[in-house]
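First comes the structure, then the notes that go with it.
Note that the structure is predicted; figures quoted are calculated from it, not measured.
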Amino acid sequence: MIGDDPALRAAYQHCQRSTKEQDPAEYALIQLVPGALRPACWALWAAANAIDDLADDRTASQDERATRVEQWITSLGRDLAAGRSMDPVRHALVDTALRWRLDLSELHDSMVVVQDDTRGRQFTDWNAWRTWGRDDLLPWFDQARDVFDKAGVPIALRLDAQEIYETFLDGFRLTDILTDLSADLAQGDLLLPDEALDAFPGAAGDLSRRRWSPAAHGLITHLTGLARQWVTQPALTRGMHPGPANVLSTMADLLHAQLDALTIAGPAILHTRPQPTLLTSTRILAPARARAALAWTLTPLTVPPPRRPTTHSPLPAARNSFPAAFSAPPPHPDGHQPPRIPAGQMPLHVAVIMDGNGRWAQQRGLSRHAGHQAGAAAVRETVHGALEIGLRHLTLYTFSTENWKRDAEEVDAILDVVRAELTDNPFRDLDVRIRWHGRTGKLPTDISDLLRRRERTTRERTGLTLTMCINYGGRDEITRTAAHLARQVRDGHLHADHISEKDFARHLPHPDMPDVDLLWRTGSEQRTSNFLPWHAAYAELHFTHDCWPDIDRRHLWQAITEYSHRQRHHGATPATTAT
């Protein structure tokens, strides 16, 4: 399904060949997916390898390697806008992105992680190591999941499987590091956290000298066992389509075989790259191929047709742009500009109860669903206004735990709007950090999956923090925090008589969320409705009559202007003005 374009066919064949030569195990896994999906997988894997190869090329200086990775990223952005590339790997990747409507902008931060790797890496603990590994790996695996999703085989993870999935990839990364230990040591790299190295004094120095000491042996044995534990996740594929489940379970089997080969190799891993025997690999892959043939024979797939050769991208350029800097929000349609608010009078955190969507629709003879769709446009306008006026934190009450009591059709309509907005990702090119505040509970798995992806791909942004409260309840938040504190007391980490407000705040789901300065509710109602009761204890309240779909950025600016004229004392006596 590649098409008749000779250059494009050659590009995909290059990706297939390089994947087979560099990573035969991963190539074998790709062979377990339907033939129509394999070219996309080859393109993604070859692209990830191409960037890694540039970063690892020790024939070039550190600065040269960083520059080459940066140039590759920049070239990909240009190629996406043009719809093709002179580089075979990028040409195949661009075609994959456009055919399958993938948002490659989500890969940008992962590529930057590789660029930063050229300067060397050191991790103080396992948490820092996990963050590095997940920032690098997860976006690429998520792109492959998107291909399956668009082919009609969604791999939305169960809510309880998200951490299992990420831990499994931690095991993949640790196995890869142990496998490549000899090559890394030759380059002066030891991609392990100090927390692990410190547990075996002298091991780091012995490994750097290629000395198989008791400390080095103990460290490698410990890490091999840890990797084996992380890749052993049988619950990961529970309830999953048998095709992807077969790929993941086979991947786990191959990783176990690789760890067995590491154990057998012993001190040889300091000088060579151990591999499972051909017999071992065949015993794993032969039944896996039979399972794949059965699973995919019974599964109808939706595969986009080949693209016609073109010099222009059929997608908006912004969808896959890799901007050097974030874009400014689009201006107000009528050219209105935000007011100038003195820094000392500007709120840090505005929280909004977006009320009146259903009433707005009913007043116009429309379905309540239409009101929620119109409300999504008001969210975009408000975010644009927040960026323009320089607000740092905006929190929106999107869906409460009480909203489940509504008619099932309306609940589905609200969640459909949330799903569509998260998928469209309208703030991808803006300096907006997205966070989710709420419980998993009844929330559909695909929505929670999208929320986590948006959190992960925007967490380094420093402009506006947009917190979406979805399946959120204030009393529930306080109850969960109290339960957490009770466990801390039970385990001896806190004394019940010495718990302070700071202790409570430190154990909230988002302990870094600042107090709400201004709580604004639209739609004429004048109550706070179980919204951020801890954070809004001293908030200024602002109630307006407009229903939420009628809101644009000027209403936010008006609310902030009114806030700037209020005198806030937080219980203290107002200062007297000298006359």
Is the shortest side-chain heavy-atom distance between Arg90 and Arg84 below 4.5 Å?
no

Would you say the side-chain atoms of Tyr27 and Gln16 include a donor-acceptor pair closer than 3.5 Å?
yes

Trp132 ring center near Phe123 ring center (under 6.0 Å)
yes

Side-chain donor or acceptor of Thr280 paired with backbone N/O of Pro276 under 3.5 Å:
no

Side-chain donor-acceptor contact under 3.5 Å, Thr167 with Gln233
no

Evaluate the criterion salt bridge (charged side-chain N to carboxylate O under 4.0 Å, His left out) for residue pair Arg461 and Asp431; output intermediate values, then yes/no.
CA-CA 6 Å; Arg461 301 186 182 189; Asp431 192 7; 5.4 Å; no

With a 6.0 Å cut-off on the ring centroids, do His241 and Trp296 count as close?
yes

Of the non-hydrogen atoms in Ile51 and Met111, which two are nearest, and what is the gap between them?
CD1-CG, 3.5 Å

If you count heavy atoms of other groups shown closer than 6.0 angstrom to CZ of Arg283, is the number above 12?
no

Can you name the closest pair of heavy atoms from Pro509 and Thr481 and give their distance?
CD-OG1, 3.8 Å

Taking Ala128's backbone N and O only, do any of them form a donor-acceptor pair with Asp125's side chain (distance below 3.5 Å, no angle check)?
yes

Trace of the side-chain contact (heavy atoms from CB on, under 4.5 Å) decision for Arg17 with Trp42
CA-CA 9 Å; Arg17 188 168 54 253; Trp42 295 331; over 6 Å; no

Sidechain N-carboxylate O distance under 4.0 Å for Asp189, Arg58
yes

To the nearest 0.5 Å, how far apart are CG in Leu464 and CZ in Phe326?
12.0 Å

Distance (rounded to the nearest 0.5 Å) between Ile269 CD1 and Arg273 CZ
12.5 Å

Nearest 0.5 Å, please: how far is CD in Glu26 from CG in Leu254?
8.5 Å

Is a donor from one side chain sitting under 3.5 angstrom from an acceptor on the other, for His256 and Thr232?
yes

Could you check whether Asp57 pairs with Arg65 (Lys NZ or Arg NE/NH1/NH2 to Asp/Glu carboxylate O, under 4.0 Å)?
no

Parallel, tilted or perpendicular: which fits the ring planes of Phe200 and His222, with parallel below 30° and perpendicular above 60°?
tilted

Just how far is it from atom CD of Gln122 to atom CG of Leu190, taken to the nearest 0.5 Å?
10.0 Å

Any donor-acceptor N/O pair, Asp87 side chain to Val89 backbone, under 3.5 Å
yes

If every non-hydrogen atom of Ala66 is compared with every non-hydrogen atom of Thr118, which pair is closest and at what distance?
CB-OG1, 3.4 Å

Side chain Thr458, main chain Ile434, donor-acceptor under 3.5 Å:
yes

Residues Arg145 and Asp449 bridged, charged N to O under 4.0 Å:
yes

Less than 4.5 Å apart, any side-chain heavy atom of Leu192 and any of Leu174?
yes

Distance-only, no hydrogens or angles: does the Glu195 side chain make a donor-acceptor pair with backbone N or O of Trp126 under 3.5 Å?
yes

Gln143 side chain to Asp103 main-chain N or O, any donor-acceptor pair under 3.5 Å?
yes

Between Arg453 and Asp146, is the closest basic N to carboxylate O distance under 4.0 Å?
yes

I'd like to know if Asp95 pairs up with Arg9 as an ion pair, taking the criterion as any Lys NZ or Arg NE/NH1/NH2 lying under 4.0 Å from an Asp or Glu carboxylate oxygen.
no

Can a donor-acceptor pair be found between the side chains of Gln22 and Asp53 at a distance below 3.5 Å?
yes

Please work out whether the ring planes of Trp212 and His217 are parallel, tilted or perpendicular, with thresholds of 30° and 60°.
tilted

With a 4.5 Å limit on heavy-atom distance, are the side chains of His493 and Val489 in contact?
no

Please round to the nearest 0.5 Å and tell me the distance separating atom CG of Leu104 and atom OG of Ser110.
11.5 Å

Flag the pair Asp109 and Arg459 as a salt bridge only when some basic side-chain nitrogen lies within less than 4.0 angstrom of an acidic carboxylate oxygen.
no

Which residue in the set Asp176, Thr179, Thr224 passes side chain to side chain donor-acceptor pair (under 3.5 Å) when paired with Gln258?
Thr179

Qualifying residues under side chain to side chain donor-acceptor pair (under 3.5 Å), relative to His507, sequence neighbours excluded:
none

Would the distance check show the side chain of Trp129 and the main-chain N or O of Leu191 forming a donor-acceptor pair, the cut-off being under 3.5 Å?
yes

Taking Ser249 for its side chain and Asn246 for its backbone only, find out whether a donor-acceptor pair lies under 3.5 Å.
yes

Minimum heavy-atom distance Thr96-Leu102, with the two atoms named
CG2-CD1, 3.9 Å

Salt bridge present between Arg173 and Asp136 (N-O < 4.0 angstrom)
yes

Quick one: which of Met468, His510, Glu455 gives a side-chain contact (heavy atoms from CB on, under 4.5 Å) with Trp436?
Glu455

Are Asn425 and Thr457 close enough that some pair of their side-chain heavy atoms sits under 4.5 Å apart?
no

Below 4.5 Å, heavy atoms only, C-beta onward: do Pro193 and Thr124 meet side chain to side chain?
no

Is there a side-chain contact between Arg439 and Arg480, using heavy atoms and a 4.5 Å cut-off?
yes

Side-chain (Asp5) to main-chain (Ala7) donor-acceptor, under 3.5 angstrom
yes

What distance do Leu223 atom CG and Arg228 atom CZ have between them, rounded to the nearest 0.5 Å?
12.5 Å

Within-4.5 Å side-chain heavy-atom neighbours: Ser281 and Gln275
no

So which atom in Val112 and which in Ile73 form the shortest heavy-atom distance, rounded to 0.1 Å?
N-CD1, 4.2 Å

Arg454 side chain to Leu422 backbone, donor-acceptor under 3.5 Å:
yes

Please tell me if the side chains of Cys15 and Trp45 come closer than 4.5 Å, counting only heavy atoms from C-beta onward.
no

Residues Ala47 and Trp72: closest non-hydrogen pair is CB-CH2, 4.1 Å

